[in-house]
Amino acid sequence: MSKLKIYNTLTNQKEEFKPIDPNHIKMYVCGPTVYDYAHVGNARPVVVFDTLYRLLKHDYGNVTYARNITDIDDKIIDASRETGKPISEITEKFTRIYEEDMAALNAYLPDIRPKATEYIPEMIKLISDLIDKGHAYEADGHVLFQVSTMNDYGELSGKTVADLIAGARVDVAGYKREAPDFVLWKPSTGDQPGWDSPWGFGRPGWHTECSAMIRGELGKTIDIHGGGQDLIFPHHENEIAQSKCSHDGAKLANYWMHNGYLTVNGEKMSKSLGNFITVHQLLEEFPGKGEAIRLALLSSHYRQPADFSRDAIKQAQKQLDRWYRFTVRAEASEPSVAVLEALRDDLNTPKAIMELNQLAKDENKKGELLASANLLGILNSDNWFIAGVSEELDIDSLITERAEAKASKDFARADEIRNELAEQGITLLDGPNGTTWEKK
RNA sequence: GGCGCGGUGGCGGAAUGGCUACGCAGCGGAUUGCAAAUCCGUCUAUACCGGUUCGAUUCCGGUCCGCGCCUCCA
């Protein structure tokens, strides 16, 4: 069996994956802050790491995959203030929508989905430990992590404390000892939500929750930690700092994987630029075709920037149309070695797709094609060609009528029926054994 | 200013020190009442300038262009 290789952000090179325990792989991916719909850029890590999860399950069997839900954050507080709705209503609604939308992209639900608000005691413990060990200090109601107390801060992002101090371009808050120090706990005032703590009523900083949840659910050191490249600094760097310093130097994760951005006209898709489209909208535009969105996301390598376009989704849809037609009535067997090797090579999904195309040329490899496609989370649909068809449309009787018209050489009527159906998005396929149809 | 990433055909997108995958689109053909689907065939690319080499898209240096991160911000 070929060995899994992973590009590790810690070392900036592709490395052979060596699990801590081959009988139990542990991975963690940063999840959403639930205050709004997820956009396609947010869906990229979900699809990428879901594919990795599928591969790991295939290769190792027992995998625990955790993805957090950030349900306490200033953006959520703002959303609550703006809409007048309670925080819990907002976070529950968008957690549900997030999971539905990601399911439509054929992403498995992670094994563990910890919520930040359920980990407040663990976070308080973590912060207390950091204070006790001399890595954090209390100032003006805040608790801050003192970056200069850690000698290898910056190992993930390649930044140095000196550079960060020199390059600070934002006004440094007065309560900080040094510019790079970051918040572990901050005070809540007025109607802001909060919890009692040794440092007063307040709430956790952004980075603290992931460290606490990983410690609580998976242990001190995990195999793989994933997320978008924009999380490398400061979020993941600070997670490492917190966890390492509270665990006397134990590594938080052996492999750090980061997916590239989804771009629009070359610029990062983001909420603040306003150039985003939500997964929810896309699923309305392409009803029943979540797999096409998924395949479009997987058609470029996960570390490369990928430009979003509806055209890419349409192209993926055509590819899936072809594979679905080819594999009708076939049963999945075992995945092909070529596809497995491509995926084991740092998740080279474009190459895997090429191999799927090779399989789709061989009548005897339909089962392999289905099993291999399943590793990428595609070709799973039972109703690919019929999703979204109005039930009031009696297609079968129209096909019968058209067959009769054709038999009596009334091609005008036959074409009329075909055109009517085409307006409903139904394409008729005349084969040697009669006529079938597909919804586009 | 600091750190990092990228530039492959009309489009998407891999790989490689020696004929540049695969898909989409296009073109020609088979098939079809006409289409669709399918099948066969086919055109188009390694940003620029040097260097190393028998040979560079690939390795090295430089130029140009695009993008990202640089702390409570996503």
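Throughout, a chain's letter reflects where its sequence line sits, starting with A, and its residues are numbered from 1.
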inquiry  = If I pick the C1' atom on B:G10 and the same atom on B:A25, what distance separates them, to the nearest angstrom?
reply    = 8 Å
task = Before giving the answer on side chain to side chain contact (heavy atoms under 4.5 Å, CB included), spell out for A:Trp323 and A:Leu295 the whole-Å C-alpha distance, their side-chain angles and the decisive distance to 0.1 Å.
result = CA-CA 12 Å; A:Trp323 289 340; A:Leu295 182 60; 4.1 Å; yes
inquiry  = Measuring only the C1' atom in each nucleotide, how far is B:G51 from B:U42? A whole number of Å is fine.
reply    = 39 Å
query = Among B:C69, B:G33, B:A14, which nucleotide sits nearest the side chain of A:Tyr261?
reply = B:C69
Atom P, compared across B:G13 and B:G28: separation rounded to whole Å = 28 Å
task = For A:Asn12 and for A:Gln229, find the nucleotide of RNA chain B with the closest heavy atom, then tell me which residue's nucleotide is more 5'.
result = A:Asn12
request  = Please tell me which of the listed nucleotides, B:A14, B:G12, B:U71, lies nearest to the side chain of A:Ser300?
outcome  = B:A14
Shortest side-chain distance from A:Phe233, nucleotide among B:C69, B:C73, B:C34 = B:C69
For atom CG of A:Leu295 and atom P of B:C24, their distance in whole Å = 12 Å
Presence of A:Lys361 side-chain N/O under 4.0 Å of B:C39 phosphate oxygens OP1/OP2 = no
key: Residue whose closest nucleotide on RNA chain B lies nearer the 5' end, A:Ser157 versus A:Glu355   = A:Ser157
Minimum-distance nucleotide to A:Pro350 side chain [options: B:G33, B:G13, B:C69] = B:G13
request  = Taking atom C1' in both B:A30 and B:C64, compute the distance separating them and give it to the nearest angstrom.
outcome  = 49 Å
request  = Choose from B:A14, B:C69, B:C72 the nucleotide whose nearest atom is closest to any side-chain atom of A:Lys159.
outcome  = B:C69
request  = Return the value, rounded to whole Å, for the distance between atom CG of A:Leu262 and atom C1' of B:G12.
outcome  = 13 Å
inquiry  = Does B:G6 have OP1 or OP2 under 4.0 Å away from a side-chain N or O of A:Arg303?
reply    = no
task = Ignoring backbone atoms, test whether A:Asn348 places a side-chain nitrogen or oxygen under 4.0 Å from the OP1 or OP2 oxygen of B:A15.
result = yes
key: Rounded distance (Å) that lies between atom P of B:G4 and atom CG of A:Asn259   = 21 Å
task = Would you please say whether a donor-acceptor pair under 3.5 Å links the side chains of A:Asp50 and A:Tyr65?
result = no
ask   = Of the nucleotides B:U71, B:C73, B:A14, which has the atom closest to the A:Lys176 side chain?
value = B:U71
key: Among B:C73, B:C22, B:A35, the one nearest A:Arg418 by side-chain distance   = B:A35
task = Take the protein atom CG of A:Asn357 and the nucleotide atom C1' of B:G13, then report the distance between them rounded to whole Å.
result = 12 Å
inquiry  = Pairing check on B:G4: which nucleotide meets the Watson-Crick or G-U wobble criteria with it, both distances under 3.5 Å?
reply    = B:C67
remark   = Regarding the side chain of A:Met354, the nearest nucleotide among B:U71, B:G6, B:C22 is B:C22
query = Are side-chain N/O atoms of A:Glu267 and A:Asn275 paired as donor and acceptor at under 3.5 Å?
reply = no
inquiry  = Please pick, from B:G33, B:C69, B:C72, the nucleotide with the shortest atom-to-atom distance to any side-chain atom of A:Phe411.
reply    = B:G33
ask   = Within this structure, what is the CG-to-C1' distance between A:Asp311 and B:C11, rounded to whole angstrom?
value = 7 Å
query = A:His236 has an atom NE2; how far is it from atom P of B:U71, in whole Å?
reply = 17 Å
request  = Spell out yes or no: do the side chain of A:Tyr175 and the base of B:C72 have one donor N/O and one acceptor N/O closer than 3.5 Å?
outcome  = yes
message = Pairing check on B:U42: which nucleotide meets the Watson-Crick or G-U wobble criteria with it, both distances under 3.5 Å?
response = B:G26
ask   = Side-chain donor-acceptor pair under 3.5 Å between A:Asp74 and A:Trp206, yes or no?
value = no
Distance below 4.0 Å between A:Lys318 side-chain N/O and B:A25 OP1 or OP2 = yes
message = Expressed as a whole number of angstroms, how long is the span from A:Arg322:CZ to B:U38:P?
response = 7 Å
remark   = Among B:C72, B:U71, B:C69, the one nearest any side-chain atom of A:Lys268 is B:C69
task = Using the side chain to side chain contact (heavy atoms under 4.5 Å, CB included) rule, take A:Val46 and A:Leu105 through it: C-alpha gap first, then chi angles, then the decisive distance, then the call.
result = CA-CA 9 Å; A:Val46 174; A:Leu105 302 183; 5.9 Å; no
ask   = Is A:Gln319 touching bases, backbone alone, or none of the nucleic acid, heavy atoms closer than 4.0 Å?
value = sugar-phosphate
message = What's the gap between B:G6 and B:A47 when it is taken at their P atoms, as a whole Å value?
response = 14 Å
request  = Please determine, by modelled atom types, if A:Glu291 and A:Asn106 share a side-chain donor-acceptor pair under 3.5 angstrom.
outcome  = yes
inquiry  = Base, sugar-phosphate or nothing for A:Lys409? Non-hydrogen atoms, less than 4.0 Å.
reply    = nothing
ask   = Does the B:G12 base have a donor-acceptor partner in the side chain of A:Asp307 within less than 3.5 Å?
value = no
inquiry  = Looking at the base of B:A37, is there any donor atom on it, or on the side chain of A:Arg325, that sits under 3.5 Å from an acceptor on the other one?
reply    = no
Base-pairing mate for B:A36 - Watson-Crick or G-U, with both contacts under 3.5 Å = none
key: B:U53 and B:G1, which share atom name P, separated by this distance in whole Å   = 36 Å
request  = Using the C1' atoms only, state how far B:U46 lies from B:U20, rounded to an integer number of Å.
outcome  = 8 Å
inquiry  = Need the pair for B:U16. Rule: Watson-Crick or G-U wobble, both distances under 3.5 Å, any strand; none if unpaired.
reply    = none
message = Could you check whether any side-chain N or O of A:Gln304 sits under 3.5 Å from a backbone N or O of A:His301, counting only pairs where one atom can act as donor and the other as acceptor?
response = no
query = Would you say the side-chain atoms of A:Tyr137 and A:Asp181 include a donor-acceptor pair closer than 3.5 Å?
reply = yes
ask   = Roughly how far apart, to the nearest Å, are B:C43 and B:A21 at atom P?
value = 12 Å
inquiry  = Just the rounded figure in Å: distance from C1' of B:C5 to NE2 of A:His258.
reply    = 14 Å
